[in-house]
Amino acid sequence: MKAYLYDNAPGDQRLPHDSGKTVDVEGLNKLGVLYYRFPDVEGVNKLASERGYRNRDEITVSPEKMGAVYEDKVKSFFHEHLHEDEEIRYIRDGYGYFDVRNKGDQWIRIHLQKDDLLILPAGIYHRFTTDETNYIQAMRLFKDEPKWTPLNRSEDLDANEHRQTYVSQYLN
Ligand code: KMT
Ligand code: NI
């Protein structure tokens, strides 16, 4: 895992966009973003049972797996959104970027690789993209029914109760 401020330069979303300004794990934690490294799935099982995550699936994002819709999928994952639940991803193979908004509404880019596990709190604005390798395999953890509904950023959404809870807990 490596995290840094996004440079906002033009160019493909899959390029590193590294401003050179590093963000450490503590900086992520202040935003409610939790990072773990689990070399085997035992650690994930323990975390899942502690947090009440009873279900999981695996997704592969790559042109090989997705075919013609790959480019569209990658673009859609990159729309800024939030969820009303935590988003937990455990990387099984490959690489990907999760971008999250910080206190000043700047993007922090988090580069994940195999064995990294990331928890995004409910209500945080974020987006995802593959990197230049165009390949990631990830485990998605969920409590009951999969509920991935992305709510795209808008002024109206700032009034959402999950957003408000997040803001009052982490951005004040
Ligand atoms: C997300 O939340 O955008 C995704 O699930 C993308 C694939 S998981 C690496
Ligand atoms: Ni999401």
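Counting convention: from 1, in listed order, for ligands and their atoms alike.
- Of the protein's non-hydrogen atoms, Glu87 OE2, 3.7 Å is the one closest to atom 1 (C) of ligand 1.
- Between the side chains of His126 and Glu80, no donor-acceptor pair is found at a separation under 3.5 Å.
- Residue-level check: among N/O/S atoms of Glu87, OE1 sits closest to the Ni ion (ligand 2).
- Results of the side-chain contact (heavy atoms from CB on, under 4.5 Å) test with Tyr95 over Asp131, Asn134, Ile136, Leu112 single out Asp131 as the only residue that passes.
- The aromatic rings of Phe38 and Tyr36 sit parallel, their planes meeting at an angle under 30°, below the 60° perpendicular limit.
- Annotation: atom 6 (C) of ligand 1 to nearest protein heavy atom, Phe128 CD2, 3.5 Å.
- With the Ni ion (ligand 2) as the vertex, NE2 of His83 and NE2 of His81 span 100° to the nearest 10°.
- Leu5 has its side chain out of reach of His17: every pair of non-hydrogen atoms, C-beta onward, lies at least 4.5 Å apart.
- The 12-atom threshold is exceeded at CD of Glu50, counting heavy atoms of other residues, nucleotides or ligands nearer than 6.0 Å.
- Close contacts between ligand 1 and Ala138 involve ligand atoms 9 (C) [criterion: under 4.0 Å to a heavy atom].
- Interface of Arg89 with ligand 1, defined as ligand atoms under 4.0 Å from a residue heavy atom, comprises 1 (C), 2 (O), 4 (C), 5 (O), 8 (S).
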